[in-house]
Amino acid sequence: MKITNNALKSLLAFSVIGLVSTSCEMTDFEEDNIVKEEFHAATGISSSPNIEYQETFEGSDPFSFAHKQLSEDYSLTIASSPVVNGSGSGRFELNDYDPLVSNGTRAEVLFPELSYNERWYSYSLYLPSKDFQIDSNNDIISQWHQGSGSGSPTTTLRIKDDRFFLKSGPTKEERKDYDIAAVKKDAWNEFVFHIVHSSGSEGLVEVWMNGEKVLHIEGGNMNKDYGLPRWKIGIYKDNWNGSGTTDTDRRVMFFDNVRLGNQNASYEEMTSRSDDISSISPEEEEETAITNPEEEETSGDDCKLTADSNPEAGNAGKPIPGKGNGKDK
């Protein structure tokens, strides 16, 4: 049986608000109050003043401002390969048997609530074929969620049956699936999103993949009864909550060049494709961790990101319960 972190806190919360669903499809329960976004232009590849935050995984504390929903020390680490450019990328790992975080099976980082309804978002994503095998159930890798009590996120980027698709709409009943493209593994894929978050006709979602515009949606994309959303990236697998299982029991993915732009940003400022990119794949360079030998390993929200970056070594030394069907709950 999976156990939820901070069990006492959760029990107290349940006693006040009643039963809360563990599935993001129902309620993505958040324990933390996070202030509205107040970012300063980060150092990195882009020097544009319209880039409010960018993470290139070159430092020792990526996503330092964000809330990290990580259950294990291997949930988020810095890898030296694959990388888009520079020396590091962010490696996320999620296993079916990982403990619940915020009542879900997830390895995610949660940005603060937006302060303005128009924003740009981008990142490069690498899915290793060995550790991201085809699954007929959803993987949510990006979500724009309006917070506790608002139900499931109104816009999400997902993977199912080795295809990328976007789900968006102001309410659960109005949400639609928009097929984007087949998943290309063992290679970097860049996504750029331009979203005008609105419950009305002025709402807009534009998506570029690898330099090509693949989606343009006009109309409502958030619930009028709740505030502006918070952006989340990483892995969320709601079908693994509780005793659920799917076709796979392990997910590994890499992010690089994560950017958040303000309303004045442009596609040219958000993309990394025009930068001096020297992509390195695991086949070209042996994967080793970027670690400071003087630092000790820590886990949870204070993770110092020192686990081995080899996809097979994320949970090395830990027992793997239920190997084969991914369950020991």
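Just so you know, these numbers use all the heavy atoms, side chains as well, and skip hydrogens, waters and symmetry mates. Keep in mind it's a predicted model, so treat the numbers as computed, not measured.
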> Which residues pass the side chain to side chain donor-acceptor pair (under 3.5 Å) test with D177, sequence neighbours left out?
Replying inline: K167
>> Going by the rule side chain to side chain donor-acceptor pair (under 3.5 Å), which residues pair with N264 if we only count those two or more places apart in sequence or in a different chain?
In response: none
Distance (rounded to the nearest 0.5 Å) between [X] [atom1] and [Y] [atom2]:
{"X": "S129", "Y": "K184", "atom1": "OG", "atom2": "NZ", "result": "13.0 Å"}
{"X": "S201", "Y": "E218", "atom1": "OG", "atom2": "CD", "result": "9.0 Å"}
{"X": "N137", "Y": "D238", "atom1": "CG", "atom2": "CG", "result": "8.0 Å"}
{"X": "I51", "Y": "N262", "atom1": "CD1", "atom2": "CG", "result": "7.5 Å"}
{"X": "E269", "Y": "W120", "atom1": "CD", "atom2": "CH2", "result": "9.0 Å"}
{"X": "L125", "Y": "S142", "atom1": "CG", "atom2": "OG", "result": "8.0 Å"}

> Given the side-chain rings of W208 and F193, with only the six-membered ring counted for Trp, is the space between their centroids under 6.0 Å?
Replying inline: no
> Is the gap between the ring centers of W240 and Y97 under 6.0 Å?
Replying inline: no
Pairwise side-chain contact, [X] with [Y], heavy-atom cut-off 4.5 Å (strictly under):
{"X": "F254", "Y": "P128", "value": "yes"}
{"X": "I180", "Y": "L157", "value": "yes"}
{"X": "I233", "Y": "I141", "value": "no"}
{"X": "D98", "Y": "Y74", "value": "yes"}
{"X": "S124", "Y": "Y126", "value": "no"}
{"X": "F57", "Y": "D256", "value": "yes"}
{"X": "M209", "Y": "F164", "value": "yes"}
{"X": "V109", "Y": "L76", "value": "yes"}

>> Which label fits W231 and F111: parallel for a plane angle under 30°, tilted from 30 to 60°, or perpendicular past 60°?
In response: tilted
Ion pair [X]/[Y], N-O distance below 4.0 Å:
{"X": "K160", "Y": "D139", "result": "no"}
{"X": "R230", "Y": "E113", "result": "no"}
{"X": "R251", "Y": "D131", "result": "no"}
{"X": "R119", "Y": "E52", "result": "yes"}
{"X": "R175", "Y": "E173", "result": "no"}
{"X": "E206", "Y": "K213", "result": "yes"}

>> Tell me whether Y178 shares a hydrophobic cluster with W144, the cluster being built from Ile, Leu, Val, Met, Phe, Trp, Tyr side chains joined at under 4.5 Å.
In response: yes
> Can you get from L215 to Y121 by hopping between Ile, Leu, Val, Met, Phe, Trp and Tyr side chains that sit under 4.5 Å apart?
Replying inline: yes
>> Applying side-chain contact (heavy atoms from CB on, under 4.5 Å) to I195 and N117, what does each step give before you reach the verdict?
In response: CA-CA 8 Å; I195 305 180; N117 74 321; over 6 Å; no
Any side-chain donor-acceptor pair under 3.5 Å between [X] and [Y]?
{"X": "Q69", "Y": "S102", "answer": "yes"}
{"X": "E118", "Y": "H194", "answer": "yes"}
{"X": "T271", "Y": "E190", "answer": "yes"}
{"X": "N221", "Y": "T155", "answer": "no"}
{"X": "E72", "Y": "S75", "answer": "no"}
{"X": "Q133", "Y": "D135", "answer": "no"}
{"X": "D247", "Y": "S136", "answer": "yes"}
{"X": "E55", "Y": "Y53", "answer": "yes"}
{"X": "N241", "Y": "T105", "answer": "yes"}

Nearest atoms (heavy-atom pairs only) where [X] meets [Y]:
{"X": "I78", "Y": "P62", "result": "CD1-CD, 4.1 Å"}
{"X": "W188", "Y": "N210", "result": "O-OD1, 4.1 Å"}
{"X": "Q143", "Y": "P153", "result": "OE1-CG, 3.3 Å"}
{"X": "M253", "Y": "G234", "result": "SD-O, 3.8 Å"}
{"X": "P112", "Y": "F65", "result": "CD-CE1, 3.3 Å"}
{"X": "S71", "Y": "V101", "result": "CB-CG2, 3.4 Å"}

Quick one: does any side-chain atom of [X] pair with a main-chain N or O of [Y] as donor and acceptor, under 3.5 Å?
{"X": "S89", "Y": "P82", "result": "yes"}
{"X": "Q146", "Y": "M222", "result": "no"}
{"X": "S48", "Y": "N50", "result": "yes"}
{"X": "S80", "Y": "G88", "result": "no"}
{"X": "D161", "Y": "R163", "result": "no"}

My understanding is that only residues two or more places apart in sequence, or in another chain, count here; which of them pass ring-ring contact (aromatic ring centres under 6.0 Å, His included) with [X]?
{"X": "F255", "answer": "F92, Y123"}
{"X": "F165", "answer": "none"}
{"X": "Y226", "answer": "none"}

>> Please check if the number of heavy atoms outside K185 that lie under 6.0 Å from its NZ is greater than 12.
In response: yes
> What's the verdict on side-chain contact (heavy atoms from CB on, under 4.5 Å) for H145 and S150, showing C-alpha distance, side-chain angles and the deciding distance?
Replying inline: CA-CA 8 Å; H145 200 292; S150 62; 3.4 Å; yes
> Can you list the steps and then say if F191 with V207 is a side-chain contact (heavy atoms from CB on, under 4.5 Å)?
Replying inline: CA-CA 7 Å; F191 286 91; V207 182; 4.3 Å; yes
> Can you name the side-chain contact (heavy atoms from CB on, under 4.5 Å) partners of E58, sequence neighbours left out?
Replying inline: T56, S87
> After noting the C-alpha distance and the side-chain angles of N257 and S272, does the key distance pass the side-chain hydrogen bond (donor to acceptor under 3.5 Å, both in side chains) rule?
Replying inline: CA-CA 7 Å; N257 291 347; S272 300; 3.1 Å; yes
> Going through the checks in order, is the side-chain contact (heavy atoms from CB on, under 4.5 Å) test met by R158 and L166?
Replying inline: CA-CA 6 Å; R158 302 171 182 236; L166 190 98; over 6 Å; no
